[in-house]
Amino acid sequence: MSANPANGAGSRPGTAADYLLPAAGCATDALGLTSIALARLMPMFLWLGRDGLIRGAGPTLAKILAVPDLPGRDFFALFQIRRPRGITGMAGLSRHAGARLQLRLRDGPRTDFRGLAVPVSGNGGMLINLSFGIAVGQGVRAHALTNADFAPTDLAVELLYLTEAKALVMDELSDLNRRLETARRHAETEALTDTLTGLANRRGFDQVLDALIRRGTPFGLMHLDLDFFKQVNDTLGHAAGDHVLGTAGQRLRGEMRSVDTIARVGGDEFVLLLPGIDKAERLSTIAERVIARLSQPIDYAGAPCQISASVGITRSGAYEAPAAVQMLADADTALYASKHAGRGRWTLWSGREGDASDKR
Amino acid sequence: MHGLINRSIQSFLRDTYGPALWHAVARSARLDFDSFEPMLIYDDSLTDAVLGAAAHHLDRPRDSVLEDLGTYLVSHPHLEALRRLLRFGGVDFLDFLQSLDDLPGRSHMAVPDLDLPQLELIDEGADHFTLICSGGPAGFGHVMVGILRAMADDYGALALLDHTGSERGCERIQVHLLDHAFAQGRRFDLAAGSAGA
């Protein structure tokens, strides 16, 4: 960015002579500017003599420098001009009149400034106006400045205001995001959970089944239906039915590992996924244990509710390319065979239609 | 209404009168949630219902509840950040008054969808001023009275404030600045995080 009014954008800054008024008079004569007016306009100005010694300074800059006897001090001893490179004296500064300068205090908090130097007529001196640029917060902190230290036209205070306001808004937004994320997780869990039993629901089950198939993990799948549940519902009422379902869910959970997925997918229907277990013997042992556990009477308000369970089993190893729909259909066929054979038993899908053999 | 405004009303009621009152107000106003989200926009009728319910439960005129809300916004420690943002407006109370025209613009800079009413300060001479609030929800002038009262305190100025009614959507507040530097104001460091801030 060129801050040079005498040249077109992108061109080199002008020389000192470009900034001098025509012969009629010098800037101060023409404007009749008092030092008080100058201080108000540019509280961070510095007036340098041709020898590079400070001849005057704005009140804010005097406060920042905080050195006794500021007039007469060597500007180049107090400030390092970082860009453009190589400016070590008045000749160099004069060559870069009108260009953006980057300066740093040599002592103390080594505050950074941006600056603009223009020549003042006649004596070869220069006037420099400084500002903090975007590091205004550090500058204000380091030098304990107040609103009154800035000219009303300076946007430094607005920059500080905006920095603070944006930080607050960002805090509110990240709080909101955190709350929304918690709500999202909660809603997601709810969407995948059967509210009565706390087990997974159909959607939760489908997600896990798809994931197992996608990853190629061997697994067993059981389709389980409670026997005599309808009688409990019909004789003792829905509350008893709900109690039995809840207890059955707890018992299932007690018989399975934590890595297994147990889902309630219909009124008294459950499906079970057992990752890593696809041996027929192990699956049938587990099924037997589950049936035995569910066949123990469930107490409801002093009345024993006697149910049992029928199970259809299939396993990923029985398929060349396991597919969710096919496995569910086969487990269902095996379950139907268990029911047909007198309930309270398991059937392993054999791989042949109409021959769900291997039963208890 | 912007969630920031609704949330301010909620915080005011909860911090000043306790969570039980806030819950009672939320129930009466038939909110179907416990808490306003500061960064969402709500239907204006909800704000109105909350203010009506608050006045009812506190058994106080709505105007005086609104004025207390204004005072709360500046003086409660939970809202120190807001007090700081307001203090950016001016070096003293008079400067602050004269910067009020900028307030909607300043709030826009921070939260682009937050629309505050237009404020216009008229200097009546002899330290008397009239502040005109226009285009805001009815009663906003009373919130401004509370804010100005608390800001005068904050700057250490002594001012008399009076809401003199509204006409065609414009609310008028009379300000009589008795003393610019009546007391030591509260400290304000321009850059947050300065020593003592």
Side-chain angles (χ1 to χ4, degrees), chain A residues 40 43-44 59-61 63-64 66 108-109 111-113 131-184 186-187, chain B residues 2-8 10-11 33-42 73 78-96 98-99 102-114 116 155 181 185-197:
Chain A
R40 188 73 189 124
M44 289 171 69
T60 303
L61 200 60
K63 183 173 172 180
I64 289 168
T111 309
D112 285 314
F113 299 91
S131 89
F132 290 113
I134 54 169
V136 60
Q138 293 156 33
V140 164
R141 251 192 305 280
H143 303 287
L145 301 182
T146 73
N147 306 36
D149 291 317
F150 293 95
T153 46
D154 192 335
L155 292 180
V157 176
E158 275 66 28
L159 194 57
L160 293 174
Y161 162 84
L162 202 53
T163 308
E164 242 178 275
K166 282 287 171 215
L168 284 173
V169 171
M170 286 307 293
D171 283 353
E172 288 293 353
L173 284 176
S174 38
D175 282 354
L176 172 61
N177 275 341
R178 236 186 333 269
R179 285 191 292 270
L180 288 179
E181 176 60 14
T182 308
R184 190 190 66 77
H186 188 72
Chain B
H2 201 283
L4 275 172
I5 293 179
N6 290 320
R7 177 67 164 236
S8 307
Q10 172 188 332
S11 310
F33 46 84
D34 298 333
S35 187
F36 282 107
E37 277 296 343
M39 285 296 147
L40 301 181
I41 310 286
Y42 295 88
L73 292 176
H78 285 174
L79 281 92
E80 168 67 10
L82 182 59
R83 176 192 84 96
R84 281 192 54 79
L85 292 184
L86 287 167
R87 279 289 294 258
F88 276 103
V91 290
D92 57 28
F93 186 61
L94 181 61
D95 199 25
F96 172 77
Q98 285 163 343
S99 76
D102 280 347
L103 195 65
R106 280 179 175 271
S107 67
H108 255 265
M109 248 189 341
V111 187
D113 53 1
L114 176 59
L116 291 186
Y155 279 110
R186 277 173 72 194
R187 185 189 170 101
F188 175 68
D189 290 310
L190 201 49
S194 299

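Residue numbers begin at 1 in each chain, while the letters A, B, ... track the order of the sequences.
The closest side-chain heavy-atom distance from M39(B) to R7(B) is not below 4.5 Å. With contacts defined as side-chain heavy-atom distances shorter than 4.5 Å, the pair V140(A)/V157(A) does not qualify.
Within the 3.5 Å criterion, the main-chain N or O of M109(B) finds no donor-acceptor partner in the side chain of Y161(A). A donor-acceptor pair under 3.5 Å links the side-chain atoms of Y42(B) to the main chain of E37(B), judged by distance alone.
Looking at L160(A), both its backbone and its side chain come within 4.5 Å of chain B, counting heavy atoms on both sides. Contacts between R87(B) and chain A at a heavy-atom distance below 4.5 Å involve the backbone alone (N, CA, C, O). Both the backbone and the side chain of L176(A) come within contact range of chain B, judged by heavy atoms closer than 4.5 Å.
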